[in-house]
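Reading through the structure tokens given below for one structure.
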Amino acid sequence: MSIASVIINKSARALDRFFDYLIPENLEGKIQIGTTVSVPFGKGNQITEAYVVGFPQSAQVENLKEIIDILDPVLLFDEKQFALIEFMKRRYFSTYLAALKTVVPYGLGLSAKRVSDKVLKGSTLAVSNAEAFDALEAARDKAPVQARIIELLMQNEFLANADIQMILGCTAASIKSLEKKGIIEPYDIEIFRNPVDYNHIEKTTPLSPTKAQQAAINRITETINAFKVFLLHGVTGSGKTEVFLQCIDTVLELGKTAIVLVPEISLTPQMIQRFAGRFGSRIAVLHSHLSMGERNDEYKRIRSGEARVVIGVRSAVFAPVENLGLIVMDEEHENSYKSQNAPAYHAREIAAVRAKQNNIPLVLASATPSVESYYKALSGKYELITLKKRAKEEANLPNVSVVDMRLELMDGNRSLFSRQLLEEIQVNLNEKHQTILFLNRRGFSTFISCRSCGYVVKCPRCNIAMTYHKNKDFLTCHYCGYTQRSLTTCPDCNSQYIKHFGTGTQKVEEELKTLFPEAKILRMDMDTVSAKNSHQQILEQFEKDKIDILIGTQMVTKGLDFENVTLVGVLAADMMLNLDDYRANEKTFDLITQVCGRAGRGVHAGRAIIQSYAPENSVLSLAKAQNYEAFYEEEIQLRKGLVYPPYCDLLAVMFSSYNDAAATNCAKRMAERIKKDLIGTVPIEILGPSPCSFYKINNKYRKRILIKCKLNDTIMNVLSSCVSEHYKTKESQFVNVSVETNPVHIL
Ligand code: ADP
Ligand code: ZN
Ligand code: ZN
């Protein structure tokens, strides 16, 4: 009898290996890599789902149990996908199962059949805000899961039950019992079957390319049958998208397919329309706001070959297309390409593996490439293609000025806006041009604090200042979602002077309304963009209703292409420069470039005003001059001097536990073990263990070891065996250990 190796569908770290089973005669020849089977597992021989990954020749036959049956004749993954799973397991220190569930899109395989099609069952609050708070407080200790559900529904108008269960890892029973108590009620969420209405999209034809665009198209299409990574560095508005569109034309003519990755925030209706206009119903769109039904539909269209161009966010890099011919990654420097959940993969690395597997080009595009990618381009690992000018003849890069906010303060201007910015806004109002104002973060430091004693309202679980939401008058922790009533007296000193502080987008909106009562003002941030499609609605409204001023967070910086926007203001440019992160300069440069790129895309000249308390900072002046090359030269020297990527990889080994001492001890021991095994063998620097910046989150204490190294097999082996050995010990029941490769935020 022959033998099959399987991965068991159980997420325990201790079970993260292959298990061998005999193939019974009646199934001989019907089982392949990727087949879903049922097997007897564990002491009680519980019937368990498992996935076939190989057929070992020389395994021990004695004592092997037999596979029971085939559960799904459709293969869950093929050999290329399995190679990707193995790559992810090693590079991102994940389990096989977690990698499998990431590679094989959610909704395929067995679970696909369980998804109902017409409406999505959801829930919404059945009581007033005040009553919800009472229920929340009552449930907090006795029924914490129910409390979390109430919190979620206070933050969202409604949610699909499946999403609630997924977010909280809870069962339908918790939702049902809240329903019985009358606190929440069922809410049918209508499914928008098709994310794009292909009937109402105007067909477009290829534009006649500029010389620079033509050169780029030629280089990429010449290489269409070989693996190669291109870095397309083009200023905002240089027509990178047109380059993708025309390369994809070639790919489609060859009978092949393409994947186009865009960051979450730039997957705007405008972007989708440009692709739909060119390729019609041959496109499929994958983003995180699709309902399960919609996602399934798109997967079906991809699998059947109807959809040949997949446009999507990070996870679309796994799209199950056949006969892949090109992968494009727009705004390749964006953080949203890095997953924050295990396996914390980077879509750029996955895209490179898939491009290599299929012998095809990968095109990375950006106006402000990541320092890592530009380094590779200069060292010849990637091929650099540059677009220096805007594609439309009349469109010029905006005129950028940096305003010194210290002088404003000295002159007695305490408002959020410099005099220059106010004047320019007035000019735009007079001329009926549109303005975009940008603030880095939602509710940035809108925390509540006492002006008498300095008390700050913090999350009891995370020890982080809670954010004040004015509309609904409550406080939320942006790390764990803990929600509570706002306060009117200080719990520490009983003073009445407890107020909210800071410059959130809401505050900017209020101040603007007072200053320009006649202006039409719109706000776009995580609070106003929560219900489905509302991102699109806000943008449509901005265009159709000729809104004068759009205020927003990160969401307003990308991809928007409105001809009538001639003024862009950056309210607090320093916020980003001061982030506790080695990429702070890069992020600031990128952000300013992108924001300024929104202005002057039509016939009218654009202006951008950057407000700063440190205008002499060289990152700001280089961003003002739009000089990426000079910025890169400065930044790469810093990275080299301090040994940061691209001169090394960073590995964060995280320890978390309800017991502070347990986390510390475990971290100390592992640091010793890593030092013993690796120092002297490979160039490596081991920092810590030390407490994370956010030391306590959700009541768990967090410690970390930071490793600087060039990630190679030796290091991967040592670390992954450290982790798997940890999960064989009793300690693993109360200390969680994980490793993240090149984390975006080192928190
Ligand atoms: P990027 O992706 O580099 O920011 P876009 O592709 O969005 O640039 O192009 C910016 C603008 O220039 C768009 O309005 C686009 O329609 C226009 N455009 C691009 N290429 C051409 C061309 N060859 N001729 C005329 N207009 C063009
Ligand atoms: Zn006080
Ligand atoms: Zn919290």
Side-chain angles (χ1 to χ4, degrees), residues 201-221 230-250 258 260-263 265-279 283 309 311 326-334 337 363-370 373-374 384-398 434 436 539 542-543 555-566 568 589-606 608 623 626 628:
I201 293 227
E202 265 177 62
K203 277 258 161 230
T204 62
T205 45
L207 300 169
S208 151
T210 62
K211 260 201 182 129
Q213 282 174 322
Q214 188 62 58
I217 295 166
N218 290 349
R219 270 311 291 148
I220 296 164
T221 49
F230 291 96
L231 178 61
L232 179 60
H233 176 209
V235 298
T236 53
S238 58
K240 296 184 288 296
T241 312
E242 188 63 33
V243 171
F244 312 153
L245 292 170
Q246 299 200 16
C247 290
I248 293 170
D249 268 333
T250 306
V260 180
L261 300 172
V262 295
I265 38 181
S266 76
L267 190 58
T268 58
Q270 283 185 320
M271 182 78 172
I272 295 171
Q273 290 206 349
R274 284 177 78 176
F275 278 83
R278 203 62 63 84
F279 304 116
I283 69 166
V309 182
I311 302 160
L326 176 69
I327 305 178
V328 172
M329 188 172 202
D330 196 16
E331 314 277 10
E332 64 90 27
H333 62 280
E334 273 291 329
Y337 284 125
V363 178
L364 308 174
S366 174
T368 51
S370 62
S373 291
Y374 205 73
L384 184 64
I385 304 177
T386 313
L387 302 176
K388 291 208 167 73
K389 290 207 201 95
R390 284 198 163 171
K392 284 192 206 163
E393 270 172 28
E394 67 280 9
N396 281 307
L397 286 170
Q434 291 174 297
I436 295 181
L539 292 179
F542 180 62
E543 194 163 26
M555 287 179 201
V556 301
T557 61
K558 309 284 163 169
L560 308 186
D561 188 3
F562 295 110
E563 300 220 329
N564 205 29
V565 174
T566 55
V568 164
F589 186 89
D590 156 44
L591 202 92
I592 292 177
T593 306
Q594 294 292 344
V595 180
C596 295
R598 295 316 110 210
R601 295 175 80 89
V603 286
H604 308 295
Q626 297 282 290
Y628 177 83

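Read the numbers this way: they start at 1 and go in the same order the structure lists the ligands and their atoms.
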Would one find an N or O of Ser208, backbone or side chain, under 3.5 Å from an N or O of ligand 1?
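Ser208 vs ligand 1: N/O contact under 3.5 Å present.
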
Does any N or O of ligand 1 fall below 3.5 Å from an N or O anywhere on Leu207, backbone included?
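No; every N/O pair is 3.5 Å or more apart.
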
Of all the atoms in ligand 1, which lie at a distance below 4.0 Å from a heavy atom belonging to Glu242?
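Numbered from 1, ligand 1 contributes 6 (O), 20 (N).
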
Please identify which atoms of ligand 1 are closer than 4.0 Å to at least one heavy atom of Thr210.
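What qualifies from ligand 1 is 23 (N).
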
Record the part of [X] in heavy-atom contact with ligand 1 below 4.0 Å; permitted values are side chain, backbone, both and neither.
| X | result |
| --- | --- |
| Pro209 | backbone |
| Arg390 | neither |
| Arg274 | side chain |

NZ/Lys203: more than 12 non-hydrogen atoms of other groups inside 6.0 Å:
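Count over threshold, so yes.
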
So, using side chain to side chain contact (heavy atoms under 4.5 Å, CB included) as the criterion, who are the partners of Ala365 when residues are at least two apart?
Leu232, Lys240, Phe244, Asp330

Going by the rule side chain to side chain contact (heavy atoms under 4.5 Å, CB included), which residues pair with Glu332 if we only count those two or more places apart in sequence or in a different chain?
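Result, side chain to side chain contact (heavy atoms under 4.5 Å, CB included) vs Glu332: Leu231, Met329, Arg348, Leu364, Ser366, Pro369, Ser370, Ser373.
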
Distance-only, no hydrogens or angles: does the [X] side chain make a donor-acceptor pair with backbone N or O of [Y] under 3.5 Å?
| X | Y | value |
| --- | --- | --- |
| Gln246 | Val243 | no |
| Glu242 | Thr210 | no |
| His233 | Ala367 | yes |

Strictly under 4.0 Å, does any heavy atom of Gly237 approach an atom of ligand 1?
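Gly237 counts as a contact of ligand 1 under the 4.0 Å cut-off.
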
